[in-house]
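Data first, discussion second: the structure below is written as structure tokens.
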Amino acid sequence: MTDFSDQPVAILMSGGDAPGMNAFLRAFVRLGLNRHGVPVLGVRDGYRGLVRASRGLESGAEELVNLKQEILRIPGQQGLINGRQHLILMDHASVSGIMGKGGTILGSARCLEFHEPGVRAKAVEMLKQLGVRAIVVVGGDGSLTGANRLAEESGLQVIGVPATIDNDLQFTEMALGVDTAVHTLVWAVDHFIDTARSHRRVMVLETMGRASGDLARMGALASGAEMVITPEPGPLTDEKMEELAARIEGGMTRGRAHAIVLVAEGVNFDPPQARNRAYVLMDAFQKYFQRPGSPFSDLEVRPSVLGHLQRGGHATPQDCILAARFAERAWKEIMNPEGANGITAVRQAQVELVPFGSPPMPERTAFTAEMDALNRDLSHW
Ligand code: F6P
């Protein structure tokens with residue numbers, strides 16, 4: 001690109017990073033350059049990069065000229081290295097060797113300022129002045145809500161791409177990052193089993209997932225965890241925690257030597273608790289096992305909060321393949337003169353574009369129920 005007449009497509013990653021974001025960027029840039037002859041403008045640090053770049057234009061027309069010159073003068077890897085640059089013209093080399101690499105080379109952020117209409121308007125104005133033909137937003141729930149607002153207000157074409165380890169986007173069968181995060185959970189559970197078995201202990205592991213229990217459910221099903229506790233059935237009372245402890249004890253009575261319990265971070269307590277779920281459950285279980293006359297009074301419980309470990313790591317082949325398919329679907333819509341706004345989604349194993357604000361798929365609700373039933377019946381001892 002030597003000037004802005006090629007009308008680049010802007011791309012940003014927003015919210016919590018997810019494995020597969022880099023694979024998507026690579027596929028999107030390569031398809032743009034190799035198949036469509038359209039350049040891609042990477043936005044650093046999500047919406048925050050847009051806001052910062054547009055703020056730089058407040059002092060007048062000369063700044064726009066300077067911004068364009070900087071983008072053309074420092075493309076690709078040099079632009080990525082130049083920490084002050086918010087908009088980077090991506091080339092082949094800048095996306096080389098990043099396929100499965102965890103995180104995102106463009107950076108991601110949660111940007112509260114972007115909720116302000118005036119701030120968004122300035123960012124849109126800048127994109128228009130740069131001749132941007134469409135913007136692609138890769139991220140989870142909040143990021144795609146921001147993308148929808150952008151689509152409604154800006155007149156720019158906006159394509160969303162679901163990427164979140166939480167698996168809480170109910171309009172698609174799969175989001176980028178879920179498969180990798182489940183693999184990571186299985187890896188983590190395997191490690192905890194080693195030590196739980198050696199000490200004949202109960203390990204309570206807290207997973208991410210925001211308000212959804214799906215990541216924990218999938219992790220439990222794939223790892224063989226003995227119990228999974230999710231937010232959907234409602235807050236945990238003391239009685240409920242005793243029931244859960246009694247179930248573990250029942251398994252021990254029938255010969256089980258250890259137990260892995262996954263608890264999703266979205267689980268709440270009644271009365272509410274300020275501490276991490278894994279610690280609250282540890283205390284409740286330990287208290288139950290140490291009650292007077294307990295047959296398992298020396299059974300020990302240990303907690304662990306897996307945290308951001310679940311967001312990192314090399315993306316699985318499945319996530320990398322999905323990333324390429326999402327990229328292809330996004331380009332198809334962008335290159336269509338009648339192209340719509342929307343979000344790439346997997347439906348019945350096909351990649352489609354669905355409108356922003358699409359309702360939950362009934363299949364997702366059914367899948368959640370299926371996983372609950374399987375977890376219950378497979379873990380019983
Ligand atoms: O949405 C992804 C996620 O990892 C959630 O599972 C978690 O609740 C949240 O992001 C953590 O956010 P942060 O990285 O801002 O601490």
Side-chain angles (χ1 to χ4, degrees), residues 12-24 44-49 51 102-115 137-148 160-172 174-189 204-220 222-223 228-232 235 262-269 272-280 303-316 319 322-323 343 345 360 364 368 371:
L12 62 84
M13 315 284 158
S14 165
D17 57 343
M21 281 182 162
N22 280 329
F24 179 83
R44 198 197 291 280
D45 299 340
Y47 293 116
R48 189 199 286 163
V51 171
T104 156
I105 62 163
L106 277 182
S108 186
R110 302 187 199 281
C111 179
L112 290 178
E113 282 168 286
F114 206 70
H115 291 279
V137 175
V138 186
D141 203 16
S143 308
L144 297 177
T145 304
N148 188 14
V161 175
T164 169
I165 66 163
D166 299 337
N167 206 23
D168 59 348
L169 300 173
Q170 302 289 330
F171 56 82
T172 178
M174 194 45 79
L176 289 178
V178 175
D179 189 59
T180 308
V182 172
H183 274 242
T184 304
L185 269 184
V186 172
W187 169 87
V189 169
V204 185
L205 313 179
E206 182 172 324
T207 71
M208 280 191 163
R210 216 175 271 278
S212 165
D214 258 31
L215 179 64
R217 269 185 205 94
M218 294 173 88
S223 67
V228 56
I229 307 171
T230 55
E232 288 81 1
L262 292 186
V263 55
E265 68 173 356
V267 166
N268 289 312
F269 296 94
Q273 300 278 342
R275 290 184 308 153
N276 279 92
R277 288 93 192 142
Y279 288 82
V280 176
S304 200
V305 179
L306 298 174
H308 290 78
L309 174 107
Q310 295 157 95
R311 289 237 295 263
H314 200 91
T316 59
D319 270 330
L322 184 60
I343 311 180
R364 282 294 307 268
T368 297
M371 284 196 289

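Starting from 1, each residue takes its place in the sequence as its number. Both counts, for ligands and for their atoms, begin at 1 and track the order of listing. In what follows, every heavy atom counts, from backbone to side chain, and hydrogens, waters and symmetry copies are set aside.
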Legend entry - Asn268 side chain to Pro235 backbone, donor-acceptor under 3.5 Å: no

Inset, instruction - For the residue pair Thr316 and Asp179, confirm or rule out a side-chain donor-acceptor distance under 3.5 Å. - result: yes

Inset, instruction - For Asp319 and Leu176, indicate whether the former's side chain and the latter's backbone hold a donor-acceptor pair under 3.5 Å. - result: no

Inset, instruction - Return the set of residues passing side chain to side chain donor-acceptor pair (under 3.5 Å) with Gln310 (not counting sequence neighbours), or none when no residue passes. - result: none

Inset, instruction - Show the protein residues that qualify under the rule heavy atom under 4.0 Å from an atom of ligand 1, listing them in chain and number order. - result: Arg110, Asp166, Met208, Gly209, Arg210, Glu265, His308, Arg311

Inset, instruction - Could you pull out all residues at least two apart from Asp166 that satisfy salt bridge (charged side-chain N to carboxylate O under 4.0 Å, His left out)? - result: Arg210

Inset, instruction - List for me each residue that meets salt bridge (charged side-chain N to carboxylate O under 4.0 Å, His left out) alongside Arg364, sequence neighbours excluded, and say none if there are none. - result: Asp214

